[in-house]
Each structure stands twice: as C-alpha cells, then as structure tokens.
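One is the number of the first residue; the rest follow in order along the sequence.
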Amino acid sequence: MKVVTALYRQVEHLVHEVAKFGLVGLLGMVVDLPIYNWLVFNNPLVVVGHHGDGMLADKPVTAKFISVTVATVATYLGNRHWTWRHRERSGLHREYVLFFVLNGIGLLIAAGCLGFSRYVLDLHTALADNISANVIGLGLGTLFRFWSYRKWVFREELALDEVEHNTKTPDSPADLDAESTGDLPVVR
C-alpha cells in the first residue's frame, strides 16, 4: 500500500490536471458537437430524431472548423481559469494566440480524420462523420492539445528552490546599495 501511495504522490499533480483538462474538454464537446451536427445535419441531437441536410451538409470540414472555433473560446477560459490556474501567466495575448494556434493544429487532426473518412473511404453518414471527427480525431487532437498546452501555453512556474538557487544574495552593504538602486556602491 505504501508503494501505491508513494507512486500516486509523484503523479498526483498530473492526475488532477488530466482530470480537469478532461472536464473542460467535455464542456468543449458540449459546445462543438451540437453546432457541428446542426450545421451538417440540421439537427443538434443527430442521434435522436430525423436528420436532414443542414446549411453546410456538403461542407462537413468547414462545419467542423466553425464548431471547434466556437468551442475553443469556452475551453480557453476553462483551462486558463481552472485547469492551469496555478501556472505562470505570460500575458493574455500570448496565451490566447498560442492556445488558438495549437488548438488549430488539434482541429487539423480532427478535420484530417473527417476528410479521410468522407473523401477517401467515401463514408457519408452521421455515424461515420461523428466517429471519424469526434471520436478518433478528437481523441488524437486531445492528446496533442494536453501535451502542447502544458509545454507552451500554460507553462510551469519555477520551483521555489530554483528561484532561491538563481537569486544572488549581497555579500556586503555596498553590494546591497548597488543592487537596490542600480547605482555605483556608496563609500561610507
């Protein structure tokens, strides 16, 4: 039991981040899937009821780009203010741009799976679209997003011992004066 507890303590932080990231991702799906299915099949709940042709029935990849873009706003807010709220803030503009760029790469992964299903395998059903884009593509894109957001968008804060190690302490009062004002040391 001690081994399991010790192992969990080593990965506890990562487990919490994965769980929060997953919940935020579910929020993104709640936004993404109905928009996509409404645009392509004219029914946000395509699993239930009749499916018709939506306004982008012949452009499923375009519909996916639109639905994911809307969902990205929701997931950015969830990830910044909940999943990685403890991480260093590097500026809203920088984070937002990087988040959208990396999310765009994740979107290309999902759109690629959808395009392969539609145009290479010639599968045109709601089930095929949702499995290729929203199960396979979203799964692969999610793995990429988690890794890339942690690495580049919401960077880890410096550990306290790193900050202490990199901070130079003054050796004399003259050094203290020079460091605090930026001027030459005062001779007393």
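Take L127 and apply the side-chain contact (heavy atoms from CB on, under 4.5 Å) test, not counting sequence neighbours, and it matches T125, I131. With sequence neighbours left out, the side chain to side chain donor-acceptor pair (under 3.5 Å) criterion links W84 to E17. Judged as a side chain to side chain donor-acceptor pair (under 3.5 Å), and not counting sequence neighbours, the contacts of T83 are N79.
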Determine whether N42 and N37 satisfy the following criterion, side-chain contact (heavy atoms from CB on, under 4.5 Å), listing intermediate values before the conclusion. CA-CA 7 Å; N42 203 28; N37 285 309; over 6 Å; no

Scan the side chains in residues 102-123 for donor-acceptor partners under 3.5 Å anywhere in the protein, sequence neighbours excluded, and list what turns up.
residue: N103; atom: OD1; partner: R145; partner atom: NE; Å: 2.6
residue: N103; atom: OD1; partner: Y149; partner atom: OH; Å: 2.7
residue: N103; atom: ND2; partner: T72; partner atom: OG1; Å: 2.3
residue: R118; atom: NE; partner: D129; partner atom: OD1; Å: 3.0
residue: R118; atom: NE; partner: D129; partner atom: OD2; Å: 3.3
residue: R118; atom: NH2; partner: D129; partner atom: OD2; Å: 2.7
residue: D122; atom: OD1; partner: H124; partner atom: NE2; Å: 2.7

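Grouped by direct or indirect side-chain proximity (heavy atoms under 4.5 Å, Ile/Leu/Val/Met/Phe/Trp/Tyr only), Y8 sits with V11, V15. Under the 4.5 angstrom side-chain criterion for Ile, Leu, Val, Met, Phe, Trp and Tyr, L143 has no cluster partners at all. In the hydrophobic clustering, V31 connects to I35, W38, L39, M55, L56, I66, V70, either directly or through intervening members, whenever side-chain heavy atoms lie under 4.5 Å apart. Cluster partners of V101 are V97, counting Ile, Leu, Val, Met, Phe, Trp and Tyr whose side-chain heavy atoms approach within less than 4.5 Å, directly or via other members.
Considering every non-hydrogen atom in both A63 and V40, the closest pair reads CB-CG2, 3.5 Å. Scanning both residues, D58 and P60, for their nearest heavy atoms gives C-CD, 3.5 Å.
Sorted by first and then second residue, the side chain to side chain donor-acceptor pair (under 3.5 Å) pairs involving residues 59-69 (not counting sequence neighbours) are D32-K64, D32-S67, K64-N134. Residue pairs meeting the ring-ring contact (aromatic ring centres under 6.0 Å, His included) criterion with at least one partner in residues 58-83, sequence neighbours excluded, are Y76-Y96, Y76-F99. Within the structure, no pair that satisfies the salt bridge (Lys or Arg N to Asp or Glu O under 4.0 Å) test touches residues 98-117, not counting sequence neighbours.
When the side chains of ILVMFWY residues are joined at heavy-atom separations under 4.5 Å, either directly or via intervening members, W152 and F154 end up in a single hydrophobic cluster. Linking Ile, Leu, Val, Met, Phe, Trp and Tyr whenever their side-chain heavy atoms come within less than 4.5 Å leaves V30 and L77 in two separate clusters. A continuous path of hydrophobic side-chain contacts links V24 to M29 [ILVMFWY only; heavy atoms under 4.5 Å]. A continuous path of Ile, Leu, Val, Met, Phe, Trp and Tyr side chains, each step under 4.5 Å between heavy atoms, connects F21 with V153, placing both in one hydrophobic cluster.
Inter-residue side-chain proximity for L23 and L26 is flagged as met; some heavy-atom pair is nearer than 4.5 Å.
The structure places CG of L14 at 10.5 Å from NE2 of H16, a figure rounded to the nearest 0.5 Å. Here NZ of K2 is found 16.0 Å from CG of L7. Values are rounded to the nearest 0.5 Å.
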